J.: 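Following this message is one structure expressed as structure tokens.
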Amino acid sequence: MLPSFAIPFRSGDSPTLQQCLAKILLPRTFDLYKDIHWEQAAGELQTPHLSYPNYYLVPHHGVKAGYLSYQQAAGWEAVEHLFRIPRVRPSVVQMARDTYPRTIVDLGCGTALTSIELVRSLPQAQLSLVDLSPYALVAARRQVQQAGIAAHITYLHADAAHTPLADNSIDLVLVSLLLHELPYENAREVLLEARRLLRDDGHLIIFDPIQCAVPWPSLDRAVNRALMHMMHEVYWMDYATNPVWNTCQETGFHNIQRQLLFALPWIYQVVHVTK
Ligand SMILES: C[S@@+](CC[C@H](N)C(=O)[O-])C[C@H]1O[C@@H](n2cnc3c(N)ncnc32)[C@H](O)[C@@H]1O
């Protein structure tokens, strides 16, 4: 464990590995968050009496408190860098921008760096950021302020599978690095919710790690099992064995396309569908 003076996120807490990495790898982000009073800010964004699905309340990514902790939100950008997400983000943003959306929802937004980047180049767009973690929304709000786009954003502390947003109202739903975090049934519910929110012909863009990378199923399963343990992912095998494009088809989406994005050694996929 690092001495506590190295991690001024909140006195009295032990630093997580993610936080240590954030300080070393990303001093800019560390500075961006360092004066946040996390509990107070989370209280401002929290939906009172929201109930959390059971799958959400377990340790994730090696953080004991799971997603419902400021540590996950504060350390997420360091994890992104380790998995070289910034390298592929411009391609995801470009694909989303090419749909010319004016209303956008980012389900499971986390720090929202992809949708923020998108909205920076779309002066007419309005973006709703949805996450079950109020701490993620706190981090996203700080990133939004830094990007100077606060007037375009609303924050919603809600389950991505059951939002209070109106039917058929959205041009583009973004689901980035969320589905691999969910049990299959919940992932399916999120896709159904995306479909409910989208206007006819609206677009859903799903960004996540590659599925079915290895053509031999038993080897594919073994590789994924190793990845699951390495990354402390709880529901990874559900994700690895249920191709997103099949679930999109079952939940009523059309024009299903998949594109691979390479940030070696990692490979990602974008599944782009329409309602
Ligand atoms: C791996 S992070 C990805 C964050 C972000 N979309 C990105 O691409 O960087 C997953 C996020 O999904 C959120 N999440 C997980 N299950 C959720 C659910 N059912 N509803 C809303 N947010 C959820 C977590 O709190 C976390 O912030």
Side-chain angles (χ1 to χ4, degrees), residues 18 22 26 29 42 45-47 50-63 65-93 95-96 104-118 127-141 143-144 155-165 172-194 197 204-209 231-236 238-239 261 263 266 268-270:
Q18 291 183 16
L26 297 165
T29 310
L45 292 166
Q46 207 156 6
T47 300
L50 185 70
S51 60
Y52 296 96
N54 286 339
Y55 78 81
Y56 191 73
L57 302 170
V58 300
H60 240 109
H61 298 165
V63 177
Y67 265 121
L68 218 45
S69 64
Y70 81 97
Q71 289 97 329
Q72 282 276 6
W76 175 248
E77 213 173 326
V79 177
E80 276 202 342
H81 273 71
L82 283 180
F83 290 95
R84 307 192 77 207
I85 307 288
R87 192 174 171 81
V88 292
R89 175 169 288 125
S91 305
V92 182
V93 170
M95 272 181 239
I104 306 167
V105 173
D106 185 350
L107 294 177
C109 64
T111 48
L113 293 177
T114 301
S115 53
I116 289 172
E117 193 53 39
L118 174 63
L127 168 64
S128 299
L129 295 177
V130 179
D131 205 286
L132 261 179
S133 163
Y135 304 100
L137 294 176
V138 169
R141 184 171 66 176
Q143 296 282 356
V144 162
Y155 303 92
L156 194 50
H157 177 220
D159 188 339
H162 307 283
T163 73
L165 300 169
L172 170 70
V173 174
L174 178 67
V175 177
S176 169
L177 298 170
L178 172 64
L179 296 189
H180 76 271
E181 308 272 306
L182 309 183
Y184 173 68
E185 262 317 307
N186 299 81
R188 199 170 179 281
E189 281 182 5
V190 168
L191 296 188
L192 286 169
E193 178 67 358
L197 297 178
L204 167 63
I205 289 187
I206 304 164
F207 170 68
D208 241 319
M231 298 185 295
H232 301 274
E233 289 287 0
V234 190
Y235 308 109
W236 183 270
D238 270 22
Y239 176 72
L261 299 177
W266 312 113
Y268 296 92
Q269 68 185 27
V270 179

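In each ligand, atom 1 is the first atom listed, and ligand 1 is the first ligand listed. Remember, it's a predicted structure, so these values are computed and weren't measured experimentally.
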J.: Select one of side chain, backbone, both or neither to describe which atoms of L182 lie under 4.0 Å from any atom of ligand 1, heavy atoms only.
T.: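 Near ligand 1, L182 shows its side chain, while the N, CA, C and O stay back.
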
J.: Has the side chain of T47 got a donor or acceptor atom that lies under 3.5 Å from a matching backbone atom of H157?
T.: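 Side chain of T47 to backbone of H157, a donor-acceptor pair under 3.5 Å: yes, one is there.
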
J.: When rounded to the nearest 0.5 angstrom, what is the spacing between CG in L197 and CG in L172?
T.: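 Separation between the atoms: 11.5 Å.
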
J.: P134 versus L68: any side-chain heavy-atom pair under 4.5 Å?
T.: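 In contact.
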
J.: Looking at C109, which atoms of ligand 1 are within less than 4.0 Å of one of its heavy atoms?
T.: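 It comes down to these atoms of ligand 1: 4 (C), 5 (C), 6 (N).
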
J.: Within a distance under 4.0 Å of any heavy atom of Y55, pick out the atoms of ligand 1 and give their elements.
T.: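 Numbered from 1, ligand 1 contributes 16 (N), 17 (C), 18 (C), 19 (N).
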
J.: Say whether T111, considering both its backbone and side-chain N or O atoms, lies within less than 3.5 Å of an N or O atom on ligand 1.
T.: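 Such a contact does not occur with ligand 1.
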
J.: May I ask you to decide if A136's main-chain N or O and D131's side chain share a donor-acceptor pair within less than 3.5 Å?
T.: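 Such a contact is absent between D131 side chain and A136 backbone.
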
J.: What do we get for Q72 next to ligand 1 when only non-hydrogen atoms under 4.0 Å count, side chain, backbone, both or neither?
T.: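 Neither part.
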
J.: Got a second to check how far D106's CG is from L127's CG, nearest 0.5 Å?
T.: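 CG of L127 is found 6.0 Å from CG of D106.
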
J.: Could you tell me which atoms of ligand 1, counted from 1 in the order shown, lie closer than 4.0 angstrom to a heavy atom of L177?
T.: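 Near L177, meaning under 4.0 Å from one of its heavy atoms, ligand 1 has 1 (C), 2 (S), 3 (C), 8 (O), 10 (C).
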
J.: Which is it for L178 and ligand 1 at heavy atoms under 4.0 Å: side chain, backbone, both or neither?
T.: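 The answer is the side chain of L178.
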
J.: Y55: which residues meet the ring-ring contact (aromatic ring centres under 6.0 Å, His included) condition with it, sequence neighbours left out?
T.: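 With neighbours one apart ignored, the set is Y235.
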
J.: Counting both backbone and side chain atoms, is some N or O of R89 under 3.5 Å from an N or O of ligand 1?
T.: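 No, since none of the N or O atoms of R89 sits under 3.5 Å from an N or O of ligand 1.
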
J.: Any idea which of V190, D131, L179 brings a heavy atom closest to atom 27 (O) of ligand 1?
T.: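 Looking at heavy atoms only, D131 sits closest to atom 27 (O) of ligand 1.
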
J.: Side chain, backbone, both or neither: which part of Y56 has a heavy atom under 4.0 Å from ligand 1?
T.: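 Within the 4.0 Å criterion, Y56 contacts ligand 1 through side-chain atoms alone.
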
J.: Under 3.5 Å, N or O to N or O, is G108 touching ligand 1 that way?
T.: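 Yes, since at least one N or O of G108 sits under 3.5 Å from an N or O of ligand 1.
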
J.: Find all atoms of ligand 1 within a distance of less than 4.0 Å from any non-hydrogen atom belonging to S133, and give their numbers and elements.
T.: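 Heavy-atom distances to S133 below 4.0 Å select 25 (O).
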
J.: Can you tell if the side chain of F83 reaches within under 4.5 Å of the side chain of L177, non-hydrogen atoms only?
T.: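 F83 does not reach L177 side chain to side chain.
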
J.: Would you say the side-chain atoms of H162 pair up with the backbone N or O of A158, donor to acceptor, closer than 3.5 Å?
T.: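 No, H162 side chain to A158 backbone: no donor-acceptor pair under 3.5 Å.
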
J.: For the side chain of E193 and the backbone of T163, is there at least one donor-acceptor N/O pair under 3.5 Å apart?
T.: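 Side chain of E193 to backbone of T163, a donor-acceptor pair under 3.5 Å: yes, one is there.
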
J.: The criterion is salt bridge (charged side-chain N to carboxylate O under 4.0 Å, His left out); which residues satisfy it with E117, sequence neighbours excluded?
T.: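 Here the qualifying residues are R120.
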
J.: Using 0.5 Å steps for rounding, measure from the OH atom of Y155 to the CG atom of L137.
T.: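 One gets 8.5 Å once the value is rounded to the nearest 0.5 Å.
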
J.: Show which atoms of ligand 1 fall inside a sub-4.0 Å distance from at least one heavy-atom site of A158.
T.: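 Going through ligand 1 atom by atom, the ones under 4.0 Å from A158 are 20 (N), 21 (C).
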
J.: With atoms numbered from 1 as shown, which atoms in ligand 1 lie under 4.0 angstrom from a non-hydrogen atom of A160?
T.: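 Close to A160: 18 (C), 19 (N), 20 (N), 21 (C).
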
J.: Is it true that D159 lies under 4.0 Å from ligand 1, counting heavy atoms only?
T.: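 It does; at least one heavy atom falls under 4.0 Å.
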
J.: Could you pull out, from A161, S176, A140, A73, the option with a heavy atom nearest to atom 8 (O) of ligand 1?
T.: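 Considering heavy atoms of A161, S176, A140, A73, the nearest to atom 8 (O) of ligand 1 sits in S176.
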
J.: Atoms of ligand 1 less than 4.0 Å from E80 heavy atoms?
T.: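 With E80 as reference, the close atoms of ligand 1 come out as 9 (O).
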
J.: Short list, please: which atoms of ligand 1 are under 4.0 Å from a heavy atom of L132?
T.: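 Heavy-atom distances to L132 below 4.0 Å select 17 (C), 18 (C), 19 (N), 20 (N), 21 (C), 22 (N).
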
